[in-house]
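Each chain gets a letter, A, B and so on, in the order the sequences are listed, and its residues count up from 1. Computed from heavy atoms alone, side chains included, the values below leave out hydrogens, waters and symmetry copies.
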Amino acid sequence: MAALDTHHQKRAKASPFLDSLAIQGAKKASLPEFVEPMLASLLTAPPAGKDWIHEIKFDGYRLQARIEAGRVKLLTRRGLDWTQKFGPKIVTILQALPVETALIDGELVVENSSGVSDFSALQAALSEGQFDRFLFYAFDLLYLDGYDLCDLSLSKRRDMLEHLVGSDAGPLRMSQRFEEEGRLVLQHACRLGLEGIISKRKESVYRSGRGKDWIKSKCSARQEFVIAGYVPSSTSRKAIGSLVLGVYDGDRLDYVGRVGTGFTMAIAEDLFRKLEAMQIDKRPFAKPLASAEARHVRYVHPELVAEIEFSGWTADERLRHASFQGLREDKDAREVVREGSRSLTFTAKPQRRRAVFTHSDRIYWPDEGVTKEGLADYYTEVWRFIAPFIVGRPLALLRCPDGITGPQFFQKHAWKKVYSHLVLVNDPKEKSEPLLALHDLDGLLELVQSAVLEIHPWQSTLTDWERPDRIIMDLDPGEGVPWEMVIAAAEEMRDRLQEVGLAAFVKTSGGKGLHVVSPLKPLATWPMVKTFTKTLADAMAADNPDRFISTSTKSKRQGKIFIDYLRNQRGMTAVAAYSTRARPGASVSVPLDWKELSPNIGPAYFTVENTPIRLAALTGDPWAEFQAAAVALEEPRSTRRRHG
DNA sequence: TACCAGA
DNA sequence: TCTGGTACTATGAAG
DNA sequence: CTTCAT
């Protein structure tokens, strides 16, 4: 493989791969019309060991690209010709590949705003004719320039394919290969909100149909549940709003929660017709439901079985993020038991939402349809993660009474309202109006009620206003800065912080850049911290004036990253970890593990929608060590001068 | 959003 | 009692 | 001092 020619030759009449192919023993053959695709078997865990590579499981259309003398066909799983369906762009790019004949296996996808392939986005793009959104991820090469490659090993096929497709970020891409341990790759994929991974045996040959050389493992759990009741729709008189689900434990039927999404209106009506006829008076569950759980519920004979996809179990044994997938007519209700999967158990303490809202349907993010209630749900779910970053600190708040499209204003003083859970605090150094702080989830929910869409805390706490307990460096890319450069900047910042003995953590900003955050023991005062961060920012800019700038002058920022150290000053604030942003996309600032930094996670990758799913799938908090890693800041110069 | 002035 | 207008950071650096 | 940036 090292012998492979490294430069592409457009329209080469002989393939640059032919010589090496002959050595590797591929068979001469004519180009087949179609090869039935190789399929993966579903297992609950990915395979372990060095014999496997792993790829992301795409959520799109599996297609075979057949290239013959510049004529391209896109063939479905069953061999149907769908070339015309996706517009000319992908076809043109495939035509331009430097080959005479080839058969490429891949998946056509549309990525949603989070950069994750999304089947519903694909269907929307198809129906609206948005051809420019289609991407083709190639992952296998079955035939090339007169040779059948199916009997070569996967590694060899992939090497050739990678060489052919290249690493451009255009609509034709290579499906990335991961060589790490399968368990870790799956964990990583789940954190990213992906559906799962496909693991492939390195030495395997290409064989049509489902075999054991390709294994798929998924992030979300999926299993059958007994339908024990329903709640009628609040909008339609002849449809269900949600299903009440249970599992058997011996003879006892246990309640596991409701599912209110995943069905179309037609299916909701069909279920209503079926279930209406099955109603019973007494509850089928062994234990009574809590009053909120039992609200509006109509019980039915527990006979029907539904397939449900869900992200995990809560600590009180309820389903998280359940979605209806269909009825399982072939399954007997009495066989349905809880299929325990410890890794998917979400161990957060369940938080009850107590605050009552006015106008809970008020839309804050119109494009995403995130309402006040949706925002309250979000903060309730992330409470235990966001709490350390916003509790007991003076806050500046970005309020958007009409949602993100209306007027916005920053506020740090109280407005005239009776607060039950927000705290008014007096700045010991200023005799101005009191500032705002909060201590519990109810306080946060009062902010939601007041249309607070961004939360910007101080870097010091109410216990010690004058000594900050963290530093935040905001890396803000100017126009035309590639994302890789921002990642490199964050890593350089980390290295420089570590050189002076500080810990460094990274989070997305939810806007354009990354934030590098260092926990401090609250010993150094504001002026020292400010001087330290300014020195750091200036040093980075001085060492690399073409990449960094440490002053905020907008016109000088073209193609550079602005290192904003000014947040590290008394009274200055920066957006909190897990705070939402008042921007299109309902993005959120999310703490990451350094290893997660990649082109796959952009600055606004995580949203109100997918962040709770990430946290549910997360087995370890990437910032778990944040508080423990706090060290005392010493001035860089004094460290040097210091002696034992 | 929520307050308040003015109708 | 209803309606409509409007409220709302601090700071540093550059010019 | 004003303007512009976060």
Side-chain angles (χ1 to χ4, degrees), chain A residues 355-365 371-373 375-376 393-422 424-425 427 429-437 443-460 465 468 471-479 509-516 526-527 529-531 533-535 537-538 541 548-558 560-576 579 581-583 589 603:
Chain A
V356 176
F357 291 99
T358 62
H359 303 117
S360 53
D361 292 336
R362 168 86 67 214
I363 291 173
Y364 284 158
W365 283 268
T371 60
K372 184 193 284 185
E373 182 164 32
L375 183 60
R393 294 166 189 275
L395 302 173
L397 308 166
L398 183 61
R399 297 184 60 198
C400 311
D402 298 322
I404 63 160
T405 50
Q408 313 185 343
F409 54 89
F410 260 97
Q411 189 164 350
K412 58 190 287 189
H413 302 294
W415 55 100
K416 289 190 182 127
K417 185 188 187 286
V418 185
Y419 301 102
S420 41
H421 296 277
L422 291 177
L424 302 183
V425 289
D427 184 335
K429 275 206 169 169
E430 306 277 330
K431 47 182 189 280
S432 57
E433 299 210 13
L435 302 176
L436 282 165
L444 177 54
L445 294 176
E446 284 184 14
L447 296 185
V448 172
Q449 165 64 8
S450 301
V452 169
L453 301 194
E454 294 192 5
I455 302 168
H456 297 235
W458 282 36
Q459 312 310 326
S460 70
W465 290 64
I471 286 171
I472 178 162
M473 302 298 264
D474 176 9
L475 303 170
D476 187 9
E479 202 105 332
S509 68
K512 284 192 304 176
L514 288 171
H515 293 165
V516 178
W526 282 116
V529 169
K530 182 200 158 190
T531 309
T533 53
K534 178 171 168 50
T535 309
D538 288 345
F548 305 127
I549 188 162
S550 59
T551 55
S552 62
T553 324
K554 191 130 218 181
S555 56
K556 291 279 122 198
R557 300 229 309 255
Q558 282 282 334
K560 293 181 186 158
I561 296 169
F562 169 47
I563 305 172
D564 183 4
Y565 65 92
L566 293 160
R567 266 89 274 305
N568 304 292
Q569 217 170 157
R570 195 177 198 281
M572 299 267 78
T573 61
V575 73
S579 167
R581 302 306 306 267
R583 297 163 173 268
S589 174

Output the rounded distance in Å from [atom1] ([X]) to [atom2] ([N]).
X: A/Leu435; N: C/dA10; atom1: CG; atom2: C1'; result: 11 Å
X: A/Asp538; N: C/dA13; atom1: CG; atom2: C1'; result: 12 Å
X: A/Lys429; N: C/dA10; atom1: NZ; atom2: C1'; result: 15 Å
X: A/Asn568; N: C/dA10; atom1: CG; atom2: C1'; result: 15 Å
X: A/Lys530; N: C/dA10; atom1: NZ; atom2: C1'; result: 13 Å
X: A/Gln449; N: B/dC3; atom1: CD; atom2: C1'; result: 14 Å
X: A/Leu453; N: B/dT1; atom1: CG; atom2: P; result: 10 Å
X: A/Leu447; N: B/dT1; atom1: CG; atom2: C1'; result: 12 Å

Does some side-chain heavy atom of [Y] sit less than 4.5 Å from a side-chain heavy atom of [X]?
X: A/Arg399; Y: A/Ser450; value: yes
X: A/Pro468; Y: A/Trp458; value: no
X: A/Arg570; Y: A/Asp427; value: yes
X: A/Ile471; Y: A/Gln459; value: no

With the criterion being N/O to N/O and under 3.5 Å, what pairs connect the protein with nucleotides 5-8 of chain C, and how long is each?
unit_1, atom_1, unit_2, atom_2, d
C/dC8, O3', A/Phe410, O, 3.3

Point to revise | Chi angles and distances behind the side chain to side chain contact (heavy atoms under 4.5 Å, CB included) call for A/His413, A/Leu435 | key: CA-CA 5 Å; A/His413 302 294; A/Leu435 302 176; 3.7 Å; yes
**Study point:** P spacing across the pair B/dC3 / C/dC8, given as an integer number of angstrom
**Key:** 13 Å
Review point. Distance between the C1' atoms of C/dA7 and D/dT6, in whole angstroms?
Key: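 That atom pair is separated by 22 Å.
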Review point. CG/A/Leu398 to CD/A/Gln411 distance, rounded to the nearest 0.5 angstrom?
Key: 10.5 Å
Check your understanding: A/Lys512: what forms a salt bridge (charged side-chain N to carboxylate O under 4.0 Å, His left out) with it, not counting sequence neighbours?
Key ->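 Once residues adjacent in sequence are excluded, the partners of A/Lys512 under the salt bridge (charged side-chain N to carboxylate O under 4.0 Å, His left out) criterion are A/Asp476.
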Review point. Reckon A/Lys556 touches a base, only the sugar-phosphate, or nothing at all at heavy-atom distances under 4.0 Å?
Key: nothing
Check your understanding: If only atom types and distance count, is the side chain of A/Tyr364 paired as donor or acceptor with the main-chain N or O of A/Val448 below 3.5 Å?
Key ->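 A pair under 3.5 Å: yes.
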Check your understanding: Between A/Arg557 (side chain) and A/Phe562 (backbone), is there a donor-acceptor pair under 3.5 Å?
Key -> no
Exercise for review: Taking only the side-chain nitrogens and oxygens of A/Gln569, find out if one of them lies under 4.0 Å from OP1 or OP2 of C/dA10.
Suggested key: no
Using nucleotides 4-6 of chain D, report all nitrogen or oxygen pairs with the protein that are shorter than 3.5 Å.
unit_1, atom_1, unit_2, atom_2, d
D/dT6, OP1, A/Arg557, NH2, 3.2
D/dT6, O3', A/Asp564, OD2, 2.5

